[in-house]
Amino acid sequence: MSKLGNLGARLYRGEVGYDFVAKRKIWYGISILITITAIVGLAVRGLNMGIEFSGGAVFTTPSTKVSAESARVIAEEASGHTAIAQKLGNGPLRIQVSDVTTEQSRATQEALAKKLGVSTDKVNTDIVGPSWGDQIANKAWTGLAVFMILVVIYLAIAFEWRMALAALVALIHDLTITVGVYALVGFEVTPGTVIGLLTILGYSLYDTVVVFDGLKESSKDITKQTRFTYSEIANRSLNGTLVRSINTTVVALLPVAGLLFIGGGFLGAGMLNDISLALFVGLAAGAYSSIFIATPLVADFKERDPQMKALAKRVRAKRAAAAAKGETGEAELSDAVPGAEDEDDSGTAGVVAPRARGSRGRAQGKRR
């Protein structure tokens, strides 16, 4: 078994682990800082909306030796607006100008035709009105709202309302960061961007549900034992799925990174940037939120429940009594090996794991 696979198995059995839940205030602080940065970037710079949303014109030229940069300069001088020009293969050019009127688009078409030395009708012009873009934006917001509502309803039924609320906070966290990065970077927002945003919500929700499912199983009949608090069980469930979450995120990020950095950056296929940036930032933010935000939030919400408060009090009392009786060695063993038997407690499926054994099936310890 590989080192990573061995680590994953030990995490799953609870033999090793990192206390994510206990350090949740650190993760909350980091998330708040990142979110504030994203909101400030969005407020100051705003989003660079594509012509599908803001309206504008797209000009497609016949094959030409004129560079994309020269065509961009001509289009900006003729229209008075910012233009984006791209070479389509080795021949035609595609020039996009936002917020232009019909007169400005006609002047731009004539200027491009003159530069290329062709007749005006050889430069194809497609004009998109701002009202059409408003319809797309409204439908996108409606789809996002419906998605959020359905997610909350499903999680509340399948798990509980606290988990639904934590997942909703994590999804909003991922969306805010991704949109804020778009504002800071200045990439154009297109329908492909909207598709990317909806896609990352699915990925983020998948990782969160995997952890929640393990937590639901581990916390069955939790009040019948006095070995672990709810936060400790939540942390065990999170560690049990940690390697799986990392693996799935890395595998998903690799092809997206290829689209963003190689396709969009090195090869200059700028049209890939609108969807690849959303996927790259969103997948990374989704993995972060499922580990550092969603599960710690559930633990926070759950620990406010009177039953969980009473359980935590019993756990602390039992540990204090064990320490007072000089049973610290046994208590440390129970914490290090969560499967250690406790004759005073009722067994709980998912909470109590089998005792660690030696290579011959014998309990570890001194041979007789």
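All residue numbers in this chain count up from 1 along the given sequence.
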query: Does Lys114 NZ have over 12 foreign heavy atoms under 6.0 Å away?
result: no
message: Please enumerate all residues that pass side-chain hydrogen bond (donor to acceptor under 3.5 Å, both in side chains) together with Arg24, with sequence neighbours excluded.
response: Asp300
message: I need the single residue from Ile26, Leu242, Thr295 that forms a side-chain contact (heavy atoms from CB on, under 4.5 Å) with Phe20. Which is it?
response: Leu242
query: Does a salt bridge link Glu69 with Arg72, judged by any charged N lying under 4.0 Å from a carboxylate O?
result: yes
task: Decide yes or no for Arg316 and Arg319: does some side-chain heavy atom of the first lie under 4.5 Å from some side-chain heavy atom of the second?
output: no
- line: Sorted by chain and number, sequence neighbours left out, side-chain contact (heavy atoms from CB on, under 4.5 Å) with Ile32 holds for Ile36
task: Can you see which heavy atom on Ala107 is nearest to which on Ala78, and at what distance?
output: O-CB, 4.0 Å
Stepwise side chain to side chain contact (heavy atoms under 4.5 Å, CB included) check, Met308 with Ile222: CA-CA 9 Å; Met308 297 303 108; Ile222 184 177; 3.9 Å; yes
query: Got a sec, which residues hit side-chain contact (heavy atoms from CB on, under 4.5 Å) with Tyr206, two or more places apart in sequence or on another chain?
result: Val210, Arg244
message: Tell me which one of Ile30, Asp174, Ile177 satisfies side-chain contact (heavy atoms from CB on, under 4.5 Å) with Tyr288.
response: Ile30
task: Can you see which heavy atom on Ser219 is nearest to which on Ile233, and at what distance?
output: N-CG2, 4.3 Å
task: Check whether any side-chain N or O of Arg162 sits under 3.5 Å from a backbone N or O of Val298 as a donor-acceptor pair, and report yes or no.
output: no
query: Any sub-3.5 Å donor-acceptor pair from Thr176's side-chain atoms to Thr35's backbone N or O?
result: no
- line: Interatomic distance, CG@Leu283 vs CG@Leu254, rounded to 0.5 Å, equals 11.0 Å
- request: Kindly indicate, with the supporting measurements, whether the criterion side chain to side chain contact (heavy atoms under 4.5 Å, CB included) is fulfilled by Leu175 and Leu201.
  value: CA-CA 8 Å; Leu175 274 177; Leu201 293 180; 3.7 Å; yes
task: Group every Ile, Leu, Val, Met, Phe, Trp and Tyr by side-chain heavy-atom contacts under 4.5 Å, then state whether Val211 and Met163 land in the same group.
output: yes
- prompt: Is the side chain of Lys115 donor-acceptor paired with the backbone N or O of Ala75 at a distance under 3.5 Å, no angle test?
  reply: no
task: May I ask whether Leu168 and Tyr154 are part of the same hydrophobic cluster, defined by side-chain heavy atoms of I, L, V, M, F, W, Y residues being less than 4.5 angstrom apart, directly or through others?
output: yes
- request: Taking the side chain as every heavy atom from C-beta outward, state whether Lys122 and Leu116 have any atom pair closer than 4.5 Å.
  value: no
message: Test of understanding: clusters of I, L, V, M, F, W, Y form through side-chain heavy atoms closer than 4.5 Å, transitively. Do Ile172 and Ile153 belong to the same one?
response: no
query: Do the side chains of Ser105 and Val97 get nearer than 4.5 Å, heavy atoms only?
result: no
message: Is there a side-chain contact between Val315 and Phe228 in this structure, where contact means two heavy atoms from C-beta onward sitting under 4.5 Å apart?
response: no
message: What I'd like to find out is whether the side chain of Thr229 reaches to under 4.5 Å of the side chain of Glu303, using heavy atoms alone.
response: yes
query: Can you check whether Asn235's main-chain N or O pairs, donor with acceptor, with Asn239's side chain at less than 3.5 Å?
result: yes
- prompt: So, for Ala158 and Lys216, which heavy atoms are closest and what is the spacing to 0.1 Å?
  reply: O-NZ, 2.8 Å
statement: Tracing side-chain contacts under 4.5 Å among Ile, Leu, Val, Met, Phe, Trp and Tyr outward from Val73 reaches none
message: Please give me the minimum heavy-atom distance between Gln109 and Val123, naming the atom from each residue.
response: NE2-O, 2.8 Å
field: Leu93 reachable from Val118 in the ILVMFWY side-chain graph, under 4.5 Å edges
entry: yes
- prompt: How close do Ala287 and Asp207 get, heavy atom to heavy atom, and via which atoms?
  reply: CA-OD2, 4.2 Å
- prompt: What's the spacing between Thr108 OG1 and Glu77 CD if we round to 0.5 Å?
  reply: 10.5 Å
message: With rounding to the nearest 0.5 angstrom, report the CD1 to CG distance, Ile195 to Leu279.
response: 10.0 Å
- prompt: Does the side chain of Ser31 come within less than 4.5 Å of His173's, by heavy atoms?
  reply: yes
task: Decide whether Tyr28 and Leu238 are clustered together by the hydrophobic rule: side chain heavy atoms of Ile, Leu, Val, Met, Phe, Trp, Tyr closer than 4.5 Å, transitively.
output: yes
Interatomic spacing from OG in Ser290 to CG in Leu171 - rounded to 0.5 Å: 10.5 Å
task: Test side chain to side chain contact (heavy atoms under 4.5 Å, CB included) on Leu144 and Leu197 and set out the steps.
output: CA-CA 9 Å; Leu144 180 61; Leu197 289 174; over 6 Å; no
statement: Taking every heavy atom of Leu112 against every heavy atom of Ala71, the minimum-distance pair comes out as CD2-O, 3.8 Å
- prompt: side-chain contact (heavy atoms from CB on, under 4.5 Å) with Val209: which residues, sequence neighbours excluded?
  reply: Leu155, Phe159, Leu205
message: Which residues pass the side-chain contact (heavy atoms from CB on, under 4.5 Å) test with Leu165, not counting sequence neighbours?
response: Trp161, Phe301
query: Would you say Glu76's side chain and Ala83's backbone share a donor-acceptor pair under 3.5 angstrom?
result: yes
query: To the nearest 0.5 Å, what is the distance between OG1 (Thr241) and CG (Asp213)?
result: 10.0 Å
field: side chain to side chain contact (heavy atoms under 4.5 Å, CB included) between Gln225 and Leu311, worked out
entry: CA-CA 8 Å; Gln225 54 84 49; Leu311 172 63; 4.0 Å; yes
- request: Hey, could you give me the CG/OG distance between Asp19 and Ser231, rounded to the nearest 0.5 Å?
  value: 8.5 Å
